[in-house]
Protein chains: 2
Amino acid sequence: MDSQTEWPRGQRSAFVASHIRDLIVSGALPHGQRINERVLTEQLGVSRTPLREAFKILESEGLVMIEPNRGATVIKISHEDVELAIEVLIGLESVGAERACERATPAQIAEIERLHLDMVANYRAGELMQYFHINQTIHQKIVDCAGNPNLTRIYHGESSRIRRFRYAGNRVPERWARAVYEHEQILDALKQRQGPLLREVLRAHHLNGWRITRSVLESENPQSGEDASRT
Amino acid sequence: MDSQTEWPRGQRSAFVASHIRDLIVSGALPHGQRINERVLTEQLGVSRTPLREAFKILESEGLVMIEPNRGATVIKISHEDVELAIEVLIGLESVGAERACERATPAQIAEIERLHLDMVANYRAGELMQYFHINQTIHQKIVDCAGNPNLTRIYHGESSRIRRFRYAGNRVPERWARAVYEHEQILDALKQRQGPLLREVLRAHHLNGWRITRSVLESENPQSGEDASRT
DNA sequence: TCCCCCTATATTGCATGCAACATGGGGAGG
DNA sequence: CCTCCCCATGTTGCATGCAATATAGGGGGA
């Protein structure tokens, strides 16, 4: 990152945190790697103070681990961890789904439908990356419809923490097709405001998705569990 | 707090965060109040650096709000917010309950039963504060039984954020008695490892509890909603 | 009298300096 | 040759200084 661009005073640590979050989620910073403060301050063009504040933010999001006198380390995420995080996400989405069906405004539902159609178009075009991105947005938006800021915040945190591990599953064509079908069901349930149905469809969607994703990851990275780095 | 006690190097911001968290949760720092850095550094005997790091931690826990050039403000929690937080807690406990029934060790269940009996004894003795404290512990332990560290972490955060608003309900004798009865059901469902039942019992328990608590708070503090400070 | 602007002061955001601690490599002893 | 210890170097934790911004209060103009 070029140190030319000066970030505005007052939000520097937030931007730095966001940047490092991207580095971790995208895999540019491998899991388990210690982060050298000096290197990052030079790359980002900020001083150590906002950087260290960013570490604290990322630590409480569960993305890095800070050890006294040893600084920040990107946390290692095993498949087990991802599975446990998905368990939490299912719980959060269950609440979100039911409340969304009660509280979503027509405009919100229309926006999700737009996103859905866009996502399907990207599926047809074989644009996996775009598809994946819109997919994440749809899930977040559904949760947002519940009108519960805490829910939104927590869901977003947990979701982005494991994002990069959930990408692989759709590389299996059958799974990708099936996922799109499941999303049709999701949209229908939401439009018909059938909370319990939406909850169950989402639950199954995540469990199915993870089952395939896990097997893909394990076949690509046979030692599996302990360190699940590069995709 | 006396500045005599020196906190160990390397954990100062964590301890400071924990201290401020207590100040907020206990109500010593009123909701909506701006926090002056200088005053707190003097009270706590640390410099501004760890204090500001602590603010970042507390911000991502949703306890304070940081505005550029205006520093940290204790977040205002309305009854609406508490209700929304309870919604999240119910979602988390739903997952926790089902997994706990699958994964809890006999030792864990025995410990919860011990806590339960202790809590009932405190009920009989009219020890509301003790009762309340053990009550919180039981709910946390049930969630812990799910063996999901993320779930434990998030549940704990959300739960402590609104803790002080959930105390009032049991001052109504009928509610208190009913709550104890509901806890019998909770314990039974757990011992019999009936996940869905436990989930529903917990859900009802929280909804009932909050319904009464809210009415108590509103009768004590008629303007209600906007600022729900001193109990 | 009231309102607005301008200035003095307080407070925050960030950079940097210093001390504590970790780390790695070379030499002495076995 | 191996091991352990010690020191040189690098890195982190925290305190502090400086600049940018907020804020309060008084004086001037309408």
Side-chain angles (χ1 to χ4, degrees), chain A residues 1-21 23-24 29-61 63-76, chain B residues 1-21 23-24 29-61 63-76:
Chain A
M1 190 56 29
D2 44 346
S3 47
Q4 267 67 333
T5 50
E6 274 257 330
W7 280 312
R9 174 192 165 94
Q11 315 186 34
R12 228 162 281 189
S13 56
F15 280 124
V16 170
S18 159
H19 186 90
I20 302 176
R21 195 182 296 117
L23 291 180
I24 295 174
L29 276 174
H31 294 182
Q33 177 151 106
R34 269 181 70 182
I35 306 177
N36 184 303
E37 288 183 4
R38 190 179 48 78
V39 173
L40 259 164
T41 53
E42 284 168 10
Q43 279 185 4
L44 301 180
V46 298
S47 81
R48 290 175 59 213
T49 306
L51 177 63
R52 289 174 53 78
E53 289 177 357
F55 284 163
K56 295 294 178 186
I57 296 171
L58 296 171
E59 184 184 36
S60 53
E61 289 176 5
L63 278 170
V64 309
M65 172 180 64
I66 301 180
E67 295 164 293
N69 297 316
R70 305 194 65 233
T73 304
V74 181
I75 215 148
K76 280 188 185 171
Chain B
M1 192 53 33
D2 44 347
S3 48
Q4 268 67 336
T5 50
E6 275 256 333
W7 280 312
R9 173 192 166 94
Q11 315 186 38
R12 228 164 281 190
S13 57
F15 280 122
V16 170
S18 158
H19 187 89
I20 301 175
R21 194 181 296 117
L23 291 181
I24 294 173
L29 276 174
H31 295 182
Q33 176 151 107
R34 268 181 72 184
I35 306 177
N36 184 301
E37 289 183 1
R38 191 180 46 78
V39 172
L40 259 159
T41 53
E42 284 168 8
Q43 279 183 3
L44 301 179
V46 298
S47 82
R48 289 175 58 215
T49 305
L51 177 62
R52 290 175 52 80
E53 290 177 356
F55 285 162
K56 295 292 178 186
I57 296 171
L58 297 170
E59 184 185 35
S60 53
E61 289 175 6
L63 278 169
V64 310
M65 172 180 62
I66 301 181
E67 293 165 293
N69 298 315
R70 304 193 66 235
T73 304
V74 181
I75 216 144
K76 278 188 184 169

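Letters go in sequence order (proteins before strands), and every chain restarts at 1.
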Got a donor-acceptor pair under 3.5 Å from the side chain of R70(B) to the base of dT11(C)? no

Between the base of dT12(C) and the side chain of R9(A), is there a donor-acceptor distance below 3.5 Å? yes

Return the nearest nucleotide to the side chain of [X]; candidates are [options].
| X | options | value |
| --- | --- | --- |
| R38(A) | dT11(D), dT16(D), dG13(D) | dT11(D) |
| R12(A) | dG13(D), dC14(D), dC14(C) | dC14(C) |
| R52(B) | dT12(D), dG13(C), dA15(C) | dG13(C) |

Gap between atoms [atom1] and [atom2], on [X] and [N] respectively (whole Å):
| X | N | atom1 | atom2 | answer |
| --- | --- | --- | --- | --- |
| L40(B) | dA15(D) | CG | P | 14 Å |
| L51(B) | dG13(C) | CG | P | 11 Å |
| E42(B) | dA10(C) | CD | P | 13 Å |
| E59(B) | dG13(C) | CD | P | 10 Å |
| R34(A) | dG24(C) | CZ | C1' | 13 Å |
| E67(B) | dG13(C) | CD | P | 10 Å |

N or O in side chain of T49(B) less than 4.0 angstrom from dC14(D) OP1/OP2: no

Looking at N69(B), does any N or O in its side chain come under 4.0 Å of the phosphate oxygens OP1/OP2 on dT11(C)? no

Quick one: on DNA chain D, does P68(B) or R48(A) contact a more 5' nucleotide (nearest heavy atom)? R48(A)

Specify the residue among G71(B) and P50(A) whose closest nucleotide of DNA chain C lies further upstream toward the 5′ end. G71(B)

